[in-house]
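This report concerns only the one structure given below.
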Amino acid sequence: MTPQLSWYLALSAMLFTIGVVGVLIKRNVISMFMCIELMLNAVNLTFVAFSSFFHDVSGQLFVFIVMTVAAAEAAVGLGIIITIFRNRESLDVDDASVLKL
Amino acid sequence: MSLIALQATNPDINLTLIAPELIIGIAGVLVMMIDAFARRGQRWLTGGLSIVALIAAGGASIWLGAGWRGARSAFNGMIVLDDLRLSFTLIFVVVSILTILIAAAWIDIEKLPAGEFHALLLFATCGMMLMASAGDLVIVFLGLEILSIATYVMAGFRRTDVRSNESSLKYFILGSFASAFLLYGIALIYGATATATLPGTTNIATIAGRLNHSLYPPLLLAGAAMLLVGFGFKIATAPFHVWTPDVYEGAPTPVTAFMAAGPKAAGFASFMRVFVFGFPIATAAASTAGYTHKSWLGTLAIMAALTMSVGNIVAIVQNNVKRMLAYSSIAHAGYALVGFVAAGAATDAEQRSAALTSVAFYLLTYAVMNMGAFAIVTLIARGNDRRTAVEDYNGIGFLSPVLAFSLSLFLLSLLGMPLTAGFMGKVMVFTTAVRQGYLWLVVIGVLNTAVSAYYYLRLIIVMFFRERNTPWDAPRLPVSVALALVITIAGVFYLGLFPGRVLNAFGAHPSISLSIR
């Protein structure tokens, strides 16, 4: 049995869902951030799967752009997380409640 | 395959067409260099250079529009040139110039690094311009990220303040969350637009042509839904608006002013481009294209009604002025969505262009009056954003008449008083919606305007008719903020009394043609 396109799509949809659920239920900022990275990588898997299935290179180029953006986002995000940790010594989002929701 | 080979040999580079973006990008790098080498006394250079660059970019885009010769798209359809792009580019230029003026005094008081702020602002502007000029989902995503990453940092610019940290963190987490949704939408669209012979595409104009040949129509719908969620987060529509009040309240006030006007307009530019042109109205309602169009239009109409109502009703109970203006900005996004819905429903190109113009005009009027209101809130808040509660405005009407009267003018304009910009903007948006048969949406909009009178007028009453018990030290009016106030007050009256010129300029070339490749 050769791998089908739908297998890859199902896997990436599952990874994406795990990421979404993780962002919603995790209380630690670093874990939430990792879940967001998981969502981005699930998208990358979708792109690569389509790209290889169509024999078209543009999907893989998109993956490079996404990876670059994710790296930039990680740099800024970790910077923000370090600042907030310096000011309050906690990474629990429930403590970040000066501004009421 | 031949198509790919053709693209490889002909990269279709046209630097003229991205002149505004290039100017802003280069200026951003220069500002960083100057900031690194300048002595303490020369820090004003960065602000001056930024304003010059923004004016140059505005000039370049007017020149692009006036000349209107040469290619309408470049880089193989990645960048397009049309009314939508030009009008939004001008809005971004206005917003960024006003932000620099408002922030000048604030940076001094807070002793923040001015060069970094200006560089980030320029990069954010570059991202917004790319979002408006994108002809391809790749550029939409890139522009969005350039904008978002710069704005995350700006929101947390007061590094030692816990509120600013928190605002930045929330914006970052929810912004990246939304970007991931948007990206998944793009990936699904890329897969769903493949036909039996051609690979998938992310070009917006090509997507429109492929809708009825899609091999996987359900993927197409799922992709469009993901895009809707992603953009919905970015422009803060209900039910994706929950982050807005927190982020807007915690961010430094000039940054809040920028976020409410600039990135929101940029989100609208891309949102409209992708949905109005990528999933256009179809002649056959039973086809995949027709079904997709009907689904997003219906969802968007409901979101518009919800956004207007939630924004206005929750704004009533707010006791913090920044938070109140945050909910008001949600409500205004709802009014602009009414025009968007009309643009989506328009059957011929002329009416569609009129609806798009009305949304651009609405966002321009909102930018002007909102920046004016926030300029005064910045002044009254003083260092550290200390005074932002409604009680802090008690009885200042006759103690600081200049501030109080101009703030009242902006509030009345936000409310939509005749003779002001806000009124003209609402009239334009609602007229196009009525023309497309969305009477119920307009009725909800008008009812919401009546609701919003409560909280806008309450602040005016507090300022003029309530006793002040605490001492009031009137804030000094710095030259830069005075200039910003003159520009915004003139803008409010000009757009309210003589909207014709701007509307003509925004809709100068009604036949928006995106057929490329």
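In what follows, chains are A, B, ... by sequence order, proteins preceding strands, each numbered from 1. Only a predicted model underlies this, so the values are computations on that prediction, with no experimental measurement involved.
Contacts of A:T68 with chain B are absent, with no heavy-atom separation under 4.5 Å from either backbone or side chain. Proximity to chain B is absent for every atom of A:A70, based on heavy atoms less than 4.5 angstrom apart. Interface remark: B:S148 contributes no atoms to any contact with chain A (heavy atom separation under 4.5 Å). Interface remark: A:L5 contributes side-chain atoms only to the contact with chain B (heavy atom separation under 4.5 Å). Both the backbone and the side chain of A:F47 come within less than 4.5 Å of a heavy atom in chain B. Using a 4.5 Å cut-off between heavy atoms, B:Y216 touches chain A through its side chain atoms alone.
The heavy-atom pair separating B:A192 from B:L220 by the smallest distance is CB-N, 3.5 Å. In this structure, A:F50 and B:A187 approach most closely via the heavy-atom pair CE1-O, 3.5 Å.
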**Worked verdict on B:E249 versus B:K322 for salt bridge (Lys or Arg N to Asp or Glu O under 4.0 Å)** = CA-CA 5 Å; B:E249 186 190 342; B:K322 275 170 88 178; over 6 Å; no
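Note: B:Y248 and B:Y327 fail the aromatic proximity criterion, with ring centroids not under 6.0 Å apart. Ring to ring, A:F16 and B:F181 are close: their centroids are under 6.0 angstrom apart.
For the set A:C35, A:A75, A:A42, A:S51, the entry with the most heavy-atom pairs within less than 4.5 Å of chain B is A:S51. When B:L142, B:I173, B:L183 are compared by the number of non-hydrogen pairs under 4.5 Å with chain A, B:L183 comes out ahead. Contact tally against chain B (heavy-atom pairs below 4.5 Å) for A:I36, A:I81, A:L61: the top residue is A:I36.
When atom types are taken as modelled, the side chain of B:Q318 and the backbone of B:V314 share a donor-acceptor pair closer than 3.5 angstrom.
The aromatic rings of B:Y190 and A:F54 sit perpendicular to each other, their planes meeting at more than 60°, with 30° as the lower class boundary.
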